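Down below is the structure, laid out as structure tokens.
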Amino acid sequence: MGQSFATKRVMMPDVDFSGLAEQDASTSPGVHNAASACGGCWEWLFPQHGGQAVVVVDPYSSGRFLLYELKARKMPIICVRSSLELGAFFLNAYKKNKPYFSKTVDFQNMTQLVSDLRGLPYDIVAVFGGSEPGVELADQLAEALGLVARNPTSLTRARKDKAEMQEAFGMQAA
């Protein structure tokens, strides 16, 4: 009942910051644009240029249906591959579905992945596991990105293992 969720960003009132972003830092002391010497310290105030996008981790197997639905909704899809050491079936599925992806990012570690995703010109609004190999990473990534709507990592095992699921629900096996 007392759950609280960290939000991804601060809600700002309807203020037009567009002119501020284009001002030159050399003529406006204290105002920095994304290309300024401070590395874009104010860039969080400005919307990303690519709009909203979703991440699908390992979009293979039945995860392709998720791609079809997201494309029909005109939602840019960022593919995250949890490993390049998957079976040929999964790797071939990636090649076949590559036209659906706005960008592909290969996972090395969580710090790298979050940094790479935040460096893209999109506001990531959701993370989906596209197939069994990507479920755990999808949960961890959604948490690392601070998304409000996400599956808790504490229940990842319960969602992958039926015995754990029954235990989480307080059920006994028949």
Side-chain angles (χ1 to χ4, degrees), residues 3-12 14 17-18 21 34 40 43-162 164-165 168-169:
Q3 283 187 338
S4 66
F5 296 97
T7 57
K8 183 176 175 218
R9 67 184 100 113
V10 177
M11 298 304 290
M12 299 291 293
D14 291 334
F17 289 108
S18 60
E43 68 184 11
W44 64 272
L45 282 174
F46 310 105
Q48 297 288 329
H49 298 292
Q52 295 182 335
V54 299
V55 170
V56 181
V57 179
D58 293 340
Y60 315 127
S61 187
S62 59
R64 73 182 182 281
F65 297 110
L66 184 57
L67 301 179
Y68 305 155
E69 183 63 30
L70 291 167
K71 183 162 178 96
R73 294 172 185 249
K74 298 180 178 11
M75 181 63 71
I77 302 165
I78 302 166
C79 169
V80 168
R81 298 189 292 181
S82 66
S83 174
L84 299 180
E85 297 178 14
L86 296 173
F89 171 79
F90 291 120
L91 298 177
N92 289 333
Y94 167 76
K95 289 176 188 172
K96 180 180 176 188
N97 294 319
K98 195 171 180 179
Y100 286 92
F101 310 134
S102 298
K103 183 73 176 165
T104 296
V105 179
D106 294 326
F107 173 75
Q108 296 168 18
N109 61 61
M110 190 57 69
T111 302
Q112 161 268 327
L113 181 58
V114 169
S115 176
D116 288 354
L117 291 171
R118 286 192 173 146
L120 296 175
Y122 295 105
D123 182 19
I124 297 171
V125 295
V127 176
F128 298 99
S131 62
E132 184 62 26
V135 170
E136 188 171 348
L137 180 58
D139 287 357
Q140 293 169 354
L141 178 58
E143 187 172 279
L145 290 172
L147 298 180
V148 175
R150 66 176 186 258
N151 292 315
T153 55
S154 61
L155 294 176
T156 300
R157 284 187 52 179
R159 289 185 303 100
K160 292 176 69 172
D161 180 294
K162 299 300 180 198
E164 291 272 344
M165 186 182 298
F169 283 117

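For clarity, every value in this text was computed on a predicted model and none was experimentally measured.
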For this session: Indicate the atoms forming the closest heavy-atom contact of Met75 with Gln52, along with that distance.
Result: SD-O, 3.7 Å

For this session: Decide yes or no for Leu117 and Leu141: does some side-chain heavy atom of the first lie under 4.5 Å from some side-chain heavy atom of the second?
Result: yes

Problem set entry | Val105 side chain reached by Leu113 side chain, heavy atoms, under 4.5 Å | yes

Problem set entry | 4.5 Å side-chain heavy-atom contact, Val80 and Asp58 | no

Exercise. To the nearest 0.5 Å, how far apart are CD1 in Ile78 and CD1 in Ile124?
Worked result: 4.5 Å

Problem set entry | Pairing residues for Arg81 by the salt bridge (Lys or Arg N to Asp or Glu O under 4.0 Å) criterion, not counting sequence neighbours | Asp106

For this session: Evaluate the side-chain proximity of Pro76 to Tyr122: yes if any heavy-atom separation is below 4.5 Å, no if none is.
Result: yes

N/O donor-acceptor pairs under 3.5 Å from side chains in residues 85-101, not counting sequence neighbours:
from  : atom 1 : to     : atom 2 : distance (Å)
Asn92 : ND2    : Ala88  : O      : 3.2
Tyr94 : OH     : Thr104 : OG1    : 3.0
Asn97 : ND2    : Ala93  : O      : 3.1

For this session: Mind checking the OG-CD spacing from Ser82 to Glu132? Nearest 0.5 Å is all I need.
Result: 10.5 Å

For this session: Grab the two heavy atoms, one from Asn109 and one from Gln112, that are nearest each other, plus how far apart they are.
Result: OD1-N, 2.7 Å

For this session: Could you check if a side-chain atom of Val57 sits within less than 4.5 angstrom of a side-chain atom of Phe128, using non-hydrogen atoms only?
Result: no

Side-chain atoms of residues 63-71: list all donor-acceptor pairs with protein atoms under 3.5 Å, sequence neighbours left out, distances to 0.1 Å.
from  : atom 1 : to    : atom 2 : distance (Å)
Arg64 : NH1    : Ser61 : O      : 3.0
Glu69 : OE2    : Arg73 : NE     : 2.7
Glu69 : OE2    : Arg73 : NH2    : 3.1

